[in-house]
Amino acid sequence: MMCPNRSIGGVVRDFECMLQEEPASHRLLFDSVTHPDCSEWTDAHVDAVLGETISPLAWTLVGPAFEWSQARMWGALGVVPPTRDRRARFSARLQGRLHVGLSTLRRAAGRIPGIAPERTERELGLPASNTSKTVADRLWYPVAAAGIATTAGRAPLWVRRQRRLVARAVSSTPGPGASAAELIARIERLRRDLVPVLQAHAFVRMSTHSAIERLRNDAGDDELAFGLLANLPELEASQPSLALVRIARVLRDTGDIPEAALDDFLARYGHRGVNELDPTVPVWAAQRPELLAQIERLASSDVDDPLLVASARHQSAMRRAAQLGRLQGQRVAVDARVARMLSVLGERSKSDVARLVNQIRMALAPLRAGLPGGLSPELETMVGWRELRARYDSRAAIPSDLEHRWGAFRRCLEGATSTAVARTDRLVGVAAAPGVAIGEAVVIADPSDDHAEGGILVADATDTAWTPLFIGRSAVVTNTGGVLSHSSIVARDLGIPAVVGTGNATVVIPPGATTRVDGDRGVVDLLVP
């Protein structure tokens, strides 16, 4: 089925509509059309934003918002001028996965005073390149300075608008009798709202990264800087796991799970879960049995209070900071307050994004239920959003090639994950949380799988649904991520070492292998295979 491209001046506008040309081409239906000026993309999925794979239905629903929100933010900063050309420059679905436009980010970083392109590479856990600032880049400094000042003034308005849009969406949740037309109109409105909501989140995230970098530079010691970021009582990323720990303690003491406490947990965190920004996958609100299993595992494990470790690390860092010189100590104290505040705000902002996406998920569920019987959940997600709309708007037939789409999607993903990896005893990644730990590797592909307790958690990437698995671990290692990825934030808050962005830890490290994690240097050593 050909999805027509609309064009402006001969350029493709609709990047939802790339068709696979040949099965072996590794170009999938609904993969993004990338801008020719953005020739370099990260060669792998870089963070737990939309999960390991992205179905056509998920991407056509929320993918454009990721691209447009980035374009609006960098355009507001003045370093990447806006354009009517809608080909992807910032984020794209390539071979079924989310990738980041490295060319665009390097160009933007080079045009901002005080930020080097290698900083972008380090944040993404990429090898350093030979990219350096040019005279042309420095000519952008006045534009960037004005853009940063203007954007900083607008940022509080963006955040307030984000909270207002999310609150409006949650308060207007339709009842079970809503018609298909009402649900479609609601989804389209939510898709539009997702752009400014993601824009606010992107700016808060960038501000948080700048604040953490300033703290690291002024402290001159990552162990001190990251220790000052431990034990954030209001951090949204850690709150669900701590709430489950409290429920597990009641189960351990009484033998019963308090249903009222679990209901309260779902009311507060039911919109979160594995791949929570993908509106086609379930979240905790629909996974009560899985939550009960996690609570039972936590109750059966002998785990110290995670806040005790985090508090001890933070108190140790505070004592070290008190020994700094007067001027350096004052700078570090201010930096730490700002970085802690923005870390909390950034995770609260991400929770708002997840809450809005959950509203799309809830409106989408009845429309998916109206598809022809016999379609598996996998085949349902091979339908694009416009194709699903057309079924209700004009009674169009569902495409007949869903099996072919699913086969191409699966083959492409299998080809991307079957690359041979050279044997090595050392992995180098991003030093994300300080400390050194030695333990047995616990390699986990899915947080709902059975797994050993304790040891070192090794995963591709983590998100909110993984947070309970951090409890009782001595360290965390992931394939993807940077200093602001979920793994890094939670590990710092809980006071355990973390190395992220290693590339292939889940392939190189066998389950049960004795492993040494150095969160100060960003190094993982395989001691006993």
Side-chain angles (χ1 to χ4, degrees), residues 1-6 13-19 29-30 32 50 54-69 86 93 161-162 164-199 270-271 273 275-283 285-286 352-402 405-406:
M1 175 180 174
M2 182 71 67
C3 185
N5 287 322
R6 295 174 297 167
R13 174 183 174 87
D14 189 356
F15 60 80
E16 294 182 13
C17 297
M18 173 179 282
L19 290 176
L29 180 65
F30 301 112
S32 303
L50 275 175
I54 313 169
S55 68
L57 181 55
W59 182 250
T60 52
L61 276 168
V62 302
F66 280 85
E67 170 70 14
W68 298 339
S69 62
R86 295 302 182 94
R93 178 186 185 260
R161 185 186 183 193
Q162 179 192 53
R164 186 173 66 252
L165 289 173
V166 173
R168 184 183 69 184
V170 172
S171 65
S172 61
T173 302
S179 67
E182 291 171 331
L183 293 172
I184 289 171
R186 177 172 175 78
I187 289 175
E188 291 294 1
R189 183 170 61 253
L190 293 171
R191 293 178 73 210
R192 290 192 297 271
D193 290 347
L194 187 58
V195 177
V197 167
L198 279 169
Q199 179 184 355
H271 62 288
N275 297 342
E276 58 194 17
L277 302 189
D278 182 335
T280 67
V281 301
V283 287
D352 280 343
V353 176
R355 203 179 295 276
L356 189 66
V357 171
N358 190 47
Q359 292 297 314
I360 297 177
R361 181 182 293 109
M362 294 167 64
L364 180 66
L367 300 179
R368 291 180 66 179
L371 290 173
L375 285 182
S376 66
E378 292 83 5
L379 291 186
E380 287 181 7
T381 62
M382 293 299 105
V383 179
W385 166 238
R386 288 182 182 164
E387 295 170 335
L388 182 59
R389 272 201 62 168
R391 172 171 174 78
Y392 292 95
D393 288 343
S394 57
R395 300 189 180 278
I398 290 297
S400 60
D401 63 342
L402 297 184
R405 295 182 185 185
W406 169 244

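Worth saying up front: this structure is predicted, and the values here are computed from it rather than measured.
In this structure, the side chain of Thr280 does not engage the main chain of Ala58 through any donor-acceptor pair within 3.5 Å. Listed for the Arg191 side chain is a donor-acceptor partner under 3.5 Å among the backbone atoms of Leu61. No donor-acceptor distance shorter than 3.5 angstrom exists from the side chain of Ser55 to the backbone of Met382, with no hydrogens or angles considered. A donor-acceptor contact shorter than 3.5 Å is absent between the side chain of Arg405 and the backbone of Leu379. Under the 3.5 Å distance criterion, the side-chain polar atoms of Gln199 are left unmatched by any main-chain donor or acceptor of Ser69.
Rounded to the nearest 0.5 angstrom, Leu57 CG and Asp278 CG are separated by 8.5 Å. Distance CG/Leu388 to OG1/Thr60: 8.5 Å, rounded to 0.5 Å. Remark: Met362 CE to Ile360 CD1 distance equals 12.0 Å, nearest 0.5 Å.
At least one side-chain heavy atom of Trp385 sits under 4.5 Å from a side-chain heavy atom of Ile184. With a 4.5 Å cut-off on side-chain heavy atoms, Val383 and Leu375 do not count as touching. With a 4.5 Å cut-off on side-chain heavy atoms, Pro399 and Glu387 count as touching. You'll find the side chain of Leu277 stays beyond 4.5 Å of the side chain of Val62, heavy atoms only. Side-chain contact between Pro56 and Arg93: present, with at least one pair of heavy atoms (C-beta onward) separated by less than 4.5 Å.
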Worksheet entry | Worked check of side-chain contact (heavy atoms from CB on, under 4.5 Å) between Val166 and Val353 | CA-CA 8 Å; Val166 173; Val353 176; over 6 Å; no
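Looking at every heavy atom in both residues, Asp352 comes nearest to Gln162 through OD2-OE1, 3.9 Å. Of all non-hydrogen atoms in Phe66 and Leu198, the two that sit nearest each other are N-CD1, 3.9 Å. Closest approach of Gly384 to Phe30, counting heavy atoms only: CA-CZ, 3.8 Å. Of all non-hydrogen atoms in Pro372 and Ile398, the two that sit nearest each other are CD-CG1, 3.9 Å. What you find for Tyr392 and Gly370 is that their closest heavy atoms are OH-CA, 3.3 Å. The two residues Leu183 and Ala178 make their nearest non-hydrogen contact at CD2-CB, 3.9 Å.
Every residue was checked against the salt bridge (Lys or Arg N to Asp or Glu O under 4.0 Å) condition with Glu378, not counting sequence neighbours, and none meets it. For Gln359, the side chain to side chain donor-acceptor pair (under 3.5 Å) partners are Thr173, Arg186, not counting sequence neighbours. Checked against salt bridge (Lys or Arg N to Asp or Glu O under 4.0 Å), Arg391 has no partners two or more places apart in sequence or in another chain. Contacts of Arg168 classified as side chain to side chain donor-acceptor pair (under 3.5 Å), with partners at least two apart in sequence or in another chain: Asp193. Under the side chain to side chain donor-acceptor pair (under 3.5 Å) criterion, Arg355 pairs with no residue at all, not counting sequence neighbours. Contacts of Arg368 classified as side chain to side chain donor-acceptor pair (under 3.5 Å), with partners at least two apart in sequence or in another chain: Glu380.
Geometric assessment of Arg192 against the ring of Trp68 yields a negative cation-pi assignment under the 6.0 Å and 45° thresholds.
Among Asn358, Leu165, Val197, Leu356, the single residue meeting the side chain to side chain contact (heavy atoms under 4.5 Å, CB included) criterion with Leu190 is Leu356.
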